[in-house]
Amino acid sequence: MLLKHRIAQLVAQGVEEAQRSGVLPQFSVPEIEIERPQLLEHGDFATSLPLRLARAARMSPMAIAEGLAPRIAIEEPIERVEVASPGFINFAISQDWLRQQVESVLEQGEAYGSVDLGEGQRIQIEFVSVNPTGPLHVGHARGAVLGSGLASILAVAGYDVSREYYINDTGTQMDAFARTIYAHYLQAHGRDAEVPPDGYMGSYMVDLAGEVVEREKDRFLTMPVDEAVSALREIGLKKMLGSIREDLERIRVEFDVWFSEQSLYDSGDYEAAMDILRGSGYLAEREGATWFTSTALGEDKDNVVVRSTGAPTYFASDIAYHYNKLLKRGYDRVVNIWGADHQGHVSRMNAVVGALGADADRLTIIISQMVALKRGEETVRISKRTGDLITLRELVDEVGSDACRFFFLSRTAGSQMDFDLELAKKESDDNPVYYIQYAYARIAGIMRLAQERGLDYAQGDVSLLTHEAEVALIRNMLLLPEIIEGIALSLEPHHLPRYTVELATAFHWFYQQCRVVSNEPGDEAITQARLKLTEACRTVLARCLSLMGMSAPERM
RNA sequence: GCGCUUGUAGCUCAGUGGAUAGAGCGCAGGGUUGCGGACCCUGAGGUCGCGGGUUCGAGUCCCGCCAAGCGUACCA
């Protein structure tokens, strides 16, 4: 159990005791929150409970704090419980205990930082899921990094995580895609053909069609049009998916499941989902189409699920898909990461979950806001249809995978980003990515030196680590489990990059203040202790970098 | 028009209803006869978009206004 939770328990017991003995009156106790104070002089942990209780208890916050603090049981590693104006209770942790935790970090090794919040719950995280009709661009990169980072962190927070990509391999846009390839194909064979008005204009389509022409020769010329388009759809889909997968690998994003939209219709999931909605009265026939009556669930308007042509809409597929996720495959929780252009879709999707009879809080939809690309002052438009775009591939080639991941992971999903390509390149020599990685490389350098000199620090005595900078570094290292738990609860991975910068800062300061491998005679003991601390710090930094999908360079 | 999101230092962004609002970059200065100077320290820089409200306490919650992005399809 995390220390902050243990302290919350002790405070709760203290309140109970105070009420029993009449020091505090009877009232219902709210959830006890334990915070990390900003200033060191306020201790390692703090609670503002007395301030919150003042009204219910009809006492001054200070009087509550004074009455409560002595009734909070002190146990290892809590050293002091102090009351501070205007009504805080601060907790100080024993420094001896902090120092001993260096051993604990080393023992846990690569597992350090893991917590058991999820208790093995099955959680699915679906992200990217870009239509396989064109290459990934910068906005997709943000969602990809966000999803993969979140998935990694949930996995070490005790969840059974499955990463999924939903392939829109059917529907009108896929048709337009196939007919576009067909048009290029005909043109390449000297036939009179034009790209349909709803077709895809990017130059990548020309390249793709060119590959098809080369590989397939003229065998589609004699085929009936429908048959040829259908075959080209399959070929084009496979090629696009392959290219998308390659792009994702460049920023270290991988999936456990690639899920086909078409399979929802082949497996009967679509019918099953519609039967449930029909059975509970959420489907209505009107104007020749079938509607999901979302107004009955508080939505602004109803939505078409089956067009008057008989073809199901994208929304219908999504209903079936969520039936499959929640009811058929039965994930305990489902997280969708969608781009801001799908934001109008969120509330009706939530309504669907209720209409299917599932608990509403099993589905969480995270909207990742737009990335506005700029080159200096000029805004670069992102449009798949005109072919004028900055692809993920170009971005990674220009800025690098590590910087790309760190940059996207550092910002909250909800904030719109300005991504200035010139600035990103200009700052690449002096940015947090290098700051963190340099800390790691420094550590690696120290450990190399230690090894060259044959220094064995296994017997190092961590109780010698009394320097201010040493204790500060240890305090920072010990925050990781709380950070991971916090991210798993809030689903906001941006706290990890921020934390990692703080950890690197603490290390750089320690390095500045404390010579690790000393040449002075008589310093053997402190050298061994500091090597131990350095190695423990390497463990924590490596864990952070690995969770963020970034490399940990031994040299730079 | 309506809906969702956003507005914090010159720039890019953090900030659980709590203690003196933070970081990086940029700017101005300073530092280590030694483990890698891609580092460290100090400083300047803020009406937290504007106006009300709730609260012991608001950058954070509520209402109104202003500005920006996105959505508002029998597209996805």
Side-chain angles (χ1 to χ4, degrees), chain A residues 33-39 41-42 46-48 51-52 54-55 60-61 84-88 90 129-131 133 168 171-174 176 198 261 287-291 300-301 303-315 317-318 339-347 367 369-370 372 407 410-420 423-424 426-427 429-435 437-439 441-450 453 469 486 489-490 494-495 497-498 501-502 504-505 507-520 527 530-531 534 555-556:
Chain A
E33 290 174 26
I34 303 298
E35 305 155 18
R36 286 285 192 169
Q38 301 287 331
L39 300 176
E41 63 195 75
H42 293 145
T47 182
S48 60
L51 287 154
R52 295 171 203 279
R55 178 174 285 250
S60 79
S85 155
F88 292 95
N90 298 330
S129 299
V130 176
N131 274 359
T133 53
N168 300 117
T172 53
Q173 300 209 358
M174 212 50 217
D198 60 345
E261 178 183 2
E287 301 157 29
T290 304
W291 300 69
D300 289 347
K301 54 184 175 54
N303 298 94
V304 171
V305 286
V306 184
R307 302 183 183 93
S308 46
T309 62
T313 61
Y314 161 86
F315 183 46
S317 290
D318 241 10
D341 54 340
H342 283 61
Q343 145 264 104
H345 195 51
V346 172
S347 67
I367 294 296
Q369 288 293 333
M370 295 283 140
F407 186 80
S410 300
R411 280 138 178 86
T412 54
S415 68
Q416 290 141 210
M417 291 173 59
D418 280 348
F419 196 135
D420 188 327
L423 207 62
K426 203 184 85 185
E427 287 183 356
D429 286 338
D430 202 6
N431 67 35
V433 178
Y434 293 86
Y435 184 80
Q437 293 181 324
Y438 182 53
R442 259 187 165 171
I443 291 174
I446 293 170
M447 300 318 290
R448 271 195 303 273
L449 178 71
R453 297 202 184 170
L489 287 171
S490 65
H494 71 275
H495 292 111
R498 307 241 157 220
V501 171
E502 282 175 28
T505 302
F507 176 77
H508 284 308
W509 190 53
F510 156 73
Y511 177 89
Q512 194 75 19
Q513 299 291 317
C514 306
R515 172 81 191 184
V516 178
V517 179
S518 172
N519 298 320
E520 302 295 321
T527 290
R530 284 177 176 162
L531 280 171
T534 302
R555 301 169 198 275
M556 287 175 73

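Order of the sequence lines sets the chain letters (A, B, ...), proteins ahead of strands, with each chain counted from 1.
When the nucleotides B:G36, B:A76, B:C70 are ranked by their closest atom to the side chain of A:Ala441, B:G36 comes out on top. Taking every side-chain heavy atom of A:Arg307 into account, B:C75 is the closest of B:G34, B:C75, B:A19. Here B:C70 is the nucleotide among B:C70, B:G18, B:A76 with the atom lying nearest to any side-chain atom of A:Ala340. For A:His495, the side-chain atoms get nearest to B:G15 when compared with the rest of B:C39, B:G15, B:U72. Among the nucleotides B:U16, B:G34, B:A14, the one closest to any side-chain atom of A:Glu520 is B:G34. Among the nucleotides B:G36, B:A76, B:A19, the one closest to the side chain of A:Ala46 is B:A19. With B:C35, B:A76, B:G17 as the choices, the nucleotide that has an atom nearest any side-chain atom of A:Arg52 turns out to be B:G17. With B:A19, B:C35, B:U16 as the candidates, the nucleotide lying closest to the side chain of A:His42 is B:A19. Taking only side-chain atoms of A:Ile446, from C-beta outward, the nucleotide of B:C35, B:G15, B:A76 with the closest atom is B:C35. Across B:G36, B:G22, B:A19, the shortest atom-to-atom separation from the side chain of A:Arg555 is found for B:G36.
A:Phe88 does not qualify as a stacking partner of the B:G18 base, lacking a centre-to-centre distance under 5.5 Å together with planes within 30°. Look at A:His494 and the base of B:A14; the rings do not stack under the cut-offs of 5.5 Å between centres and 30° between planes.
Side-chain contact check for A:Asn90 versus A:Glu35: every heavy-atom pair is 4.5 Å or farther apart. Residues A:Met417 and A:Met370 have side chains not in contact (no heavy-atom distance under 4.5 Å, counting atoms from C-beta outward). Side-chain contact check for A:Thr172 versus A:Arg307: some heavy-atom pair is nearer than 4.5 Å.
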Report all interatomic pairs (protein N or O, nucleotide N or O of nucleotides 4-8 of chain B) with separations under 3.5 Å.
from : atom 1 : to       : atom 2 : distance (Å)
B:C4 : O2     : A:Gln343 : NE2    : 3.3
B:U5 : O2'    : A:Gln369 : NE2    : 3.3
B:U5 : O2'    : A:Gly414 : O      : 3.1
B:U5 : O2     : A:Gln416 : OE1    : 3.4

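The base of B:A73 has none of its N or O atoms less than 3.5 Å from a complementary donor or acceptor on the side chain of A:Asn303. Below the 3.5 angstrom threshold, one finds no donor paired with an acceptor across the side chain of A:Ser410 and the base of B:C13.
If you find the closest nucleotide of RNA chain B to A:Ala289 and to A:Ala413, the one lying nearer the 5' end belongs to A:Ala413. Comparing A:Ala84 and A:Val517 along RNA chain B, the residue whose closest nucleotide (by nearest heavy atom) sits nearer the 5' end is A:Ala84.
Taking atom P on both nucleotides, B:A28 is separated from B:C65 by 45 Å, rounded to a whole Å. The same atom, C1', is picked in B:C50 and in B:G59; the two are 14 Å apart, to the nearest Å. Spacing of C1' atoms, B:C2 relative to B:A44, comes out at 46 Å, to the nearest Å. For the P atoms, the distance from B:A21 to B:G26 is 26 Å, rounded to whole Å. Nucleotides B:C70 and B:G64, compared at atom P, are 24 Å apart to the nearest Å. Nucleotides B:A38 and B:U33 have their C1' atoms positioned 23 Å apart, rounded to a whole Å. Only the P atoms considered, B:G49 is 13 Å distant from B:U6, to the nearest whole Å. To the nearest whole angstrom, the two P atoms, one in B:U72 and one in B:G53, are 39 Å apart.
The phosphate of B:A76 (OP1 or OP2) has no side-chain N or O of A:Ser317 nearer than 4.0 angstrom. For B:C40, one of the phosphate oxygens OP1 or OP2 lies less than 4.0 angstrom from a side-chain nitrogen or oxygen of A:Tyr435. Using a 4.0 Å cut-off, some side-chain N or O of A:Arg55 falls inside it from OP1 or OP2 of B:C56.
Consecutive Watson-Crick or G-U pairs involving RNA chain B, each under 3.5 Å on both distances, make up stems of three or more pairs at B:1-7 with B:66-72, B:10-13 with B:22-25, B:27-31 with B:39-43, B:49-53 with B:61-65.
Shown here are the side chain to side chain donor-acceptor pair (under 3.5 Å) partners of A:Arg411, two or more places apart in sequence or in another chain: there are none. Remark: A:Arg55 pairs with no residue by the salt bridge (charged side-chain N to carboxylate O under 4.0 Å, His left out) rule, at least two apart or across chains. A:Thr534 pairs by the side chain to side chain donor-acceptor pair (under 3.5 Å) definition with nothing, not counting sequence neighbours. Remark: A:Gln343 engages no residue in a side chain to side chain donor-acceptor pair (under 3.5 Å) (not counting sequence neighbours).
At most 12 non-hydrogen atoms from other residues, nucleotides or ligands lie less than 6.0 angstrom from CD of A:Gln38. By the neighbour-count criterion of 12 heavy atoms within 6.0 Å, atom CZ of A:Arg555 is sparsely surrounded, having that number or fewer from other residues, nucleotides or ligands.
With a 6.0 Å cutoff to the six-membered ring centre and a 45° limit on the axis angle, A:Arg442 counts as a cation-pi contact of A:Tyr511.
Side-chain contact annotation: A:Glu261 with A:Ser317, donor-acceptor N/O pair under 3.5 Å present.
Of the possible donor and acceptor atoms, none in the side chain of A:Thr527 sits under 3.5 Å from a partner among the backbone N and O of A:Val517. In terms of modelled atom types and a separation under 3.5 Å, the side chain of A:Thr313 and the main chain of A:Val306 share no donor-acceptor contact.
Counting any heavy atom pair closer than 4.0 Å across all strands shown, A:Thr412 reaches sugar-phosphate atoms only and no base atom. If you check every strand for non-hydrogen atoms under 4.0 Å, A:Glu287 touches a base. Backbone-only engagement by A:Leu449 is indicated by non-hydrogen atom pairs under 4.0 Å involving sugar-phosphate atoms exclusively. Using a 4.0 Å heavy-atom cutoff across all strands shown, A:Thr172 reaches sugar-phosphate atoms only and no base atom.
At whole-Å resolution of the value, OH in A:Tyr511 and C1' in B:C35 are 5 Å apart. Rounding to whole angstrom units, CD of residue A:Gln512 and C1' of B:U42 are separated by 14 Å. If you measure from atom CG of A:Leu51 to atom P of B:G17, you get 15 Å, rounded to the nearest angstrom. A:Arg498 places its CZ atom 7 Å from the C1' atom of B:A23, with the value rounded to the nearest Å.
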